[in-house]
There are 2 protein chains.
Amino acid sequence: MYSIRVSTPERLIEATRELLWERGYVGTSPKAILQRAGAGQGSMYHHFTGKPGLALAAIRRTAQETRAAAEAVLGGPGSPYERIEAYLRRERDVLRGCPVGRLTMDPDVVASDDLRAPVDETLDWLRERLASIVEEGQELGEFPPALDGEEIAATIVATVQGGYVLARASGSAAAFDTGVRGLLSLLAPRSPAGDSPARGSSTPTKA
Amino acid sequence: MYSIRVSTPERLIEATRELLWERGYVGTSPKAILQRAGAGQGSMYHHFTGKPGLALAAIRRTAQETRAAAEAVLGGPGSPYERIEAYLRRERDVLRGCPVGRLTMDPDVVASDDLRAPVDETLDWLRERLASIVEEGQELGEFPPALDGEEIAATIVATVQGGYVLARASGSAAAFDTGVRGLLSLLAPRSPAGDSPARGSSTPTKA
DNA sequence: GTCTATATAACGATAGAC
DNA sequence: GTCTATCGTTATATAGAC
């Protein structure tokens, strides 16, 4: 294995991605980015228009990676419920928060249409993707037909995003998992033909 | 009505509360606080230990008010489901985000046990309060006994907190409402004996 | 392309007059 | 108690050498 020599713009983007995740936009200074990237002032302003331009490149990449990671699970094998469960139970750096969702609490990101756009598009895509899976599950009889796919999708995404809030408030990932288990118990397929009425049969804990 | 003359410490706390809500801790400077409060540097450092001390007073008050506002609905009239619904549908400044929850995305708040404590306590209190209401609903047959009260409570709080994220990402309060409707449809009492699946208002006691 | 030097403003806090 | 003056540091950006 050769050690890969990464270009300076590449290092700048990656350093910015890390810092935006850790400290947000207003909490990240160009100086901190340059130190982490091992670059000088000149490099940053040569390749990018400044802090906003560099942040835009970083946010776009993070958004793209986040979508790809979600699709890897949502487009995987299993029934609709199983794929949603896999998405909800996917391993996460819970205490670090969502690298996309956390940006919505950044006043300068929300104030900029450019910076907010990738965030909006990512969460919107995720909601649509989940909505179609819920509807697929309804056709298969896995979910009650009375449910609204888009509403349930929004609830799923919100539970994940809010789970990060609960976890970071308490300093423990447990709260995230508790909220996810609650949602899964509400979504758990009730057998359509009149089987045992036990809810949450596929949730391991709290039998 | 006499116009009330508010003390300087009072104005400082209120200005800080507003700015913490709008811009978070790292995004709020002492200078901005002093300008909004109409006070000079000396006043702030005379009454408080500095930015962290002032922020702590502001966060504590916001936490207290948030709990009181939630209790006003959760301790109100109606069945357990109805009280939860009232809490979820309560009017909110959705696009401004949650003044308590948004602080969890602030690196300096999370890094400080003092500043994080009121946030943690508020969300923890809310989860416990909701859990007891869910369990009450289970005793009344309004919710399935297989559900776990604490899990459902965490899901409810997470849906609200995540709803703010969706709303701020899209720049519209609609996404919040969509997620709430999805959660309510999952929680809606299904008649225990196999009645009609109409949701909402058929409650046994305390109508 | 990358670096250092520099510029202007803001940040967070202190000192001391009144 | 409140004010202004000041301090040392950082934020964000530009200039110009190499």
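Numbered from 1 within each chain, the chains take letters A, B, ... in sequence-line order. Given the structure is predicted, the values throughout are model-derived calculations rather than measurements. All values below come from the heavy atoms of this structure, side chains included, with hydrogens, waters and symmetry mates left out.
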From the list Leu184(B), Leu183(B), Val180(B), Thr178(B), side-chain contact (heavy atoms from CB on, under 4.5 Å) with Glu151(A) holds only for Thr178(B)
> Are Arg102(B) and Trp21(B) in a cation-pi contact, defined as NZ or CZ under 6.0 Å from the six-membered ring centre and within 45° of the axis?
Replying inline: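 No - Arg102(B) does not lie over the ring of Trp21(B) by the 6.0 Å and 45° rule.
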Would you verify whether the NZ or CZ of Arg89(B) falls within 45 degrees of the ring axis of Phe176(B) while also being under 6.0 Å from that six-membered ring's centre?
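No cation-pi geometry.
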Check ring pair (Phe, Tyr, Trp, His ring centres under 6.0 Å) between Tyr25(B) and all other residues, then give those that pass, not counting sequence neighbours.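 For Tyr25(B) there are no ring pair (Phe, Tyr, Trp, His ring centres under 6.0 Å) partners, ignoring immediate neighbours.
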Set of side-chain contact (heavy atoms from CB on, under 4.5 Å) partners for Val110(B), sequence neighbours left out:
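side-chain contact (heavy atoms from CB on, under 4.5 Å) list for Val110(B), sorted by chain: Arg168(A), Arg116(B).
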- Residues in side-chain contact (heavy atoms from CB on, under 4.5 Å) with Ser29(B), at least two apart?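 In terms of side-chain contact (heavy atoms from CB on, under 4.5 Å), with neighbours along the sequence ignored, Ser29(B) is linked to Lys31(B), Ala32(B).
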#### Entry: Gln138(B) side chain to Phe143(B) backbone, donor-acceptor under 3.5 Å
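Side chain of Gln138(B) to backbone of Phe143(B): no pair is present.
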Check: When you measure from the side chain of Arg36(B) to the backbone N and O of Ala15(B), does any donor-acceptor pair fall under 3.5 Å?
Finding: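 The answer is no, because no donor-acceptor pair under 3.5 Å joins these two groups.
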With a 6.0 Å cut-off (strictly less than), is the heavy-atom count around CD of Glu150(A), excluding the residue itself, greater than 12? no
Enclosure of Arg60(A) CZ (heavy-atom neighbours >12, cutoff 6.0 Å): no
Outermost contacting nts on DNA chain D, any atom under 4.0 Å from chain B heavy atoms, listed 5' then 3', are dG1(D) to dT4(D)
Sorted by number, residues from residues 37-50 of chain A placing a heavy atom under 4.0 Å from DNA chain C are Ala39(A), Gly40(A), Gln41(A), Gly42(A), Ser43(A), His46(A), His47(A)
Self-check item: Strand-adjacent residues in residues 15-34 of chain B, judged by heavy atoms under 4.0 Å from DNA chain C
Solution: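 Those residues are Thr28(B), Ser29(B), Pro30(B), Lys31(B).
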